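Please read the structure below before turning to the comments.
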Amino acid sequence: MTEKVLVFDGIDQHAIDIMENAGYEVISNPQASDKDFAGSNDIVGILLMMYPIDGAIMDRYPNLKVIARHGVGYDNVDLEAAKERNIVVSNTPGANATAVAETAVTLMMMAGRLFDTDKRGITDERAKSYAKSHRGVEVSGKTVGILGFGHIGRTIAELLVGFGVNILAYARHDKDVPNGRMASLDEIFEQSDFVVSTLPATPATTKMVGETAFKKMKQSAVLVNVGRGPVVDEKALIIALKAGEIAAAGLDVVEQEPISPDNELLALENTYVLPHVAGNSQEAFQTIGETAAKDILSVVTGKGSQNQVN
């Protein structure tokens with residue numbers, strides 16, 4: 001049989017070329033429902049986007065050796081189920097770090113300066129009134145707390161060097177912070193003018209930024225989230241934004257995605273929301289696809305994965 005790899009529609013062509021040039025047939029579909037994972041004896045690898053994969057789906061592919069996540073987060077894959085079936089699960093750490101870090105800095109400025117409110121104020125009297133009574137804050141010279149100091153967190157800090165900021169970084173292990181220092185969560189919440197989360201969603205991080213954190217933060221503080229939505233308690237965030245406990249929020253991610261059009265965050269004047277697109281630059285999309293494709297080939301040829309997460 002010709003061994004095959006299942007990928008999602010729209011993946012960068014470079015990733016497809018890598019696998020086809022190695023002799024594998026690439027099967028593409030939307031990966032939008034269970035029917036897109038119908039099963040096959042020929043599939044040895046899956047290059048996966050966001051669709052949740054559990055043991056029941058894995059069992060449809062008896063010869064599956066690897067699930068390579070297109071991106072950093074892998075909370076949509078049942079790691080234990082994969083481990084029980086000797087299926088390697090990998091991700092692409094750092095491949096989209098620049099794209100996500102640039103988005104974080106953009107959100108700091110867009111939300112911090114309330115630029116979207118200014119824009120809407122051209123035609124919307126309510127937005128215009130809000131913008132007149134709420135002046136935005138600059139990034140330069142401020143204290144920026146970064147939750148998670150891996151590839152993305154460090155790149156954010158590097159990009160902010162020119163702004164003359166002081167970085168407070170939180171991570172599981174101490175790391176070198178060129179333009180600042182490691183700090184506790186309380187220090188970050190209490191001292192930061194901008195709090196930026198790059199954290200994945202885990203039992204330890206879920207709702208880490210919640211009511212208690214917002215009450216510790218400055219009223220002038222801006223929250224930015226480019227990690228995973230569940231890290232922030234959305235109900236508590238909405239209350240804090242409406243009550244003026246914090247000044248603004250810039251979000252690339254929310255608790256339930258895709259975001260519902262009636263999500264209250266979209267109606268708040270002091271909130272700037274993107275539909276989880278931080279890592280979607282042309283450069284990042286190509287690099288992520290190539291990295292995941294090479295990882296699949298490495299696993300199926302018996303060389304293992306440098307990016308295994310299970």
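Here the structure is a predicted model, which means the values were calculated and not measured. Basis for what follows: all heavy atoms, side chains included, without hydrogens, waters or symmetry-related copies.
- Atom OG in Ser305 sits 13.0 Å away from atom NZ in Lys303 (nearest 0.5 Å).
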Q.
Using the rule given for side chain to side chain contact (heavy atoms under 4.5 Å, CB included), can you reason through Val196 versus Leu147, listing the C-alpha separation, both sets of side-chain angles and the distance that settles it, and then say yes or no?
A. CA-CA 6 Å; Val196 183; Leu147 306 179; over 6 Å; no
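- For the ring pair (Phe, Tyr, Trp, His ring centres under 6.0 Å) condition, the pairs that include at least one residue of residues 67-98, sequence neighbours left out, are Phe8-His70, His70-Phe285.
- Counting heavy atoms from C-beta outward, Ile167 and Leu160 have side chains that approach closer than 4.5 Å.
- A donor-acceptor pair shorter than 3.5 Å cannot be found between the side chains of Gln31 and Asn29.
- Contacts of Lys218 classified as salt bridge (charged side-chain N to carboxylate O under 4.0 Å, His left out), with partners at least two apart in sequence or in another chain: Asp193.
- Residue Met109 is grouped with residue Val144 when hydrophobic side chains (ILVMFWY) are merged at heavy-atom distances under 4.5 angstrom, including chains of intermediate members.
- Each of Asp116, Asp118, Thr123 was compared with Arg120 under the side-chain hydrogen bond (donor to acceptor under 3.5 Å, both in side chains) criterion, and only Asp116 meets it.
- The backbone N or O of Ile57 sits less than 3.5 Å from a side-chain atom of Asp54, completing a donor-acceptor pair.
- Of the candidates Asp75, Asn76, Thr92, Asn307, Arg69 forms a side-chain hydrogen bond (donor to acceptor under 3.5 Å, both in side chains) with just one, namely Asn76.
- Leu251 places none of its side-chain heavy atoms less than 4.5 Å from the side chain of Leu107.
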Q: For Lys294 and Ile296, run side chain to side chain contact (heavy atoms under 4.5 Å, CB included): C-alpha distance rounded to whole Å, both residues' side-chain angles, the deciding distance at 0.1 Å, then the answer.
A: CA-CA 5 Å; Lys294 291 175 182 177; Ile296 287 174; over 6 Å; no
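- Distance check: Leu64 CG to Asp59 CG gives 10.0 Å after rounding to the nearest 0.5 Å.
- Scanning all heavy atoms of the two residues, the minimum distance from Ile152 to Ala97 falls at CG1-CA, 3.8 Å.
- Two residues are said to be in side-chain contact when any heavy atoms from C-beta on lie closer than 4.5 Å; Glu234 and Val254 meet this criterion.
- In this view, Lys242 and Glu264 satisfy the salt bridge (charged side-chain N to carboxylate O under 4.0 Å, His left out) rule, not counting sequence neighbours.
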Q: Step by step, work out the side chain to side chain contact (heavy atoms under 4.5 Å, CB included) result for Val137 and Arg113.
A: CA-CA 5 Å; Val137 295; Arg113 290 290 300 278; 5.9 Å; no
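- For residues 276-292, no residue pair satisfies the salt bridge (charged side-chain N to carboxylate O under 4.0 Å, His left out) rule, not counting sequence neighbours.
- Of all the heavy atoms in Ala248 and Ala111, the pair that sits closest is CB-O, 3.5 Å.
- By the 4.5 Å heavy-atom criterion applied to side chains, Val5 and Val300 are not counted as neighbours.
- The two residues Asp9 and Pro30 come nearest to each other via the heavy atoms OD2-N, 3.3 Å.
- If you check the side chains of Gln282 and Asp12, you find no donor sitting under 3.5 Å from an acceptor.
- Asn179 places no side-chain N or O within donor-acceptor distance of the main-chain N or O of Asn166, the cut-off being under 3.5 Å.
- Side-chain contact of Asp262 with Ser260: a donor-acceptor pair under 3.5 Å is present, judged by distance alone.
- Applying the salt bridge (charged side-chain N to carboxylate O under 4.0 Å, His left out) test to residues at least two apart or on different chains, the pairs with a partner in residues 26-43 are Lys4-Asp42, Asp34-Arg60.
- Minimum heavy-atom separation, Leu114 to His134: CD1-O, 3.4 Å.
- Rounding to the nearest 0.5 Å places CZ of Phe149 at 12.5 Å from CG of Leu199.
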Q) Going through the distances and angles, do Leu265 and Leu237 end up as a side chain to side chain contact (heavy atoms under 4.5 Å, CB included)? A) CA-CA 9 Å; Leu265 288 168; Leu237 172 61; 4.1 Å; yes
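- When atom types are taken as modelled, the side chain of Ser281 and the backbone of Ala284 share a donor-acceptor pair closer than 3.5 angstrom.
- Within 6.0 Å of the CD atom in Gln306, the count of heavy atoms belonging to other residues, nucleotides or ligands does not exceed 12.
- No single ILVMFWY cluster, assembled from side-chain heavy atoms under 4.5 Å apart, contains both Val253 and Val100.
- One distance of note links CD1 of Ile246 with CZ of Phe189; it measures 11.0 Å at 0.5 Å rounding.
- Minimum interatomic distance between Phe214 and Asp233 (heavy atoms only, all atoms of both residues): CE1-O, 4.2 Å.
- Side-chain contact between Arg85 and Asp78: absent, with no pair of heavy atoms (C-beta onward) separated by less than 4.5 Å.
- Taking 4.0 Å as the cut-off between side-chain N and carboxylate O, Glu255 and Lys207 count as a salt-bridged pair.
- In this structure, the side chain of Asn91 engages the main chain of Val72 through a donor-acceptor pair within 3.5 Å.
- Checked against a 6.0 Å centroid threshold, the rings of Phe37 and Tyr51 count as neighbours.
- Taking OG1 of Thr287 as the reference point, atom NE2 of His14 lies at 9.5 Å (rounded to 0.5 Å).
- Side-chain atoms of Asn270 do not come within 3.5 Å of backbone N or O of Val222 as any donor-acceptor pair.
- The neighbour count for Gln13 CD, taken as heavy atoms of other residues, nucleotides or ligands under 6.0 Å away, is above 12.
- Among pairs with a residue in residues 121-146, those fulfilling salt bridge (charged side-chain N to carboxylate O under 4.0 Å, His left out) read Arg126-Glu269, at least two apart in sequence or across chains.
- Enclosure of atom CD in Glu211 is not indicated, since only 12 or fewer non-hydrogen atoms of other residues, nucleotides or ligands lie within 6.0 angstrom.
- Considering every non-hydrogen atom in both Ala82 and Asn310, the closest pair reads CB-ND2, 3.6 Å.
- With respect to Arg181 and Glu187, a salt bridge is recorded, a charged nitrogen being found less than 4.0 Å from a carboxylate O.
- Two residues are said to be in side-chain contact when any heavy atoms from C-beta on lie closer than 4.5 Å; Glu158 and Pro178 fail this criterion.
- A donor-acceptor pair under 3.5 Å is absent between the side-chain atoms of Ser197 and the main chain of Asn225, judged by distance alone.
- Between Thr103 and Thr106, the side chains place no donor N or O within less than 3.5 Å of an acceptor N or O (distance only, hydrogens not considered).
- Proximity of a side-chain donor or acceptor of Thr198 to a complementary backbone N or O of Gly148 within less than 3.5 Å is detected.
- How far CG of Asn41 is from CD of Glu3: 12.0 Å, rounded to the nearest 0.5 Å.
- The closest donor-acceptor contact from the side chain of Ser133 to the backbone of Ser129 lies under 3.5 Å.
- In this structure a side-chain-to-backbone donor-acceptor pair under 3.5 Å is present from Thr301 to Ser298.
- Contact check for Val195 versus Val224: no side-chain heavy atoms found under the 4.5 Å cut-off.
- Between Leu47 and Ile11 the shortest side-chain heavy-atom distance falls below 4.5 Å.
- When atom types are taken as modelled, the side chain of Asn96 and the backbone of Ala99 share no donor-acceptor pair closer than 3.5 angstrom.
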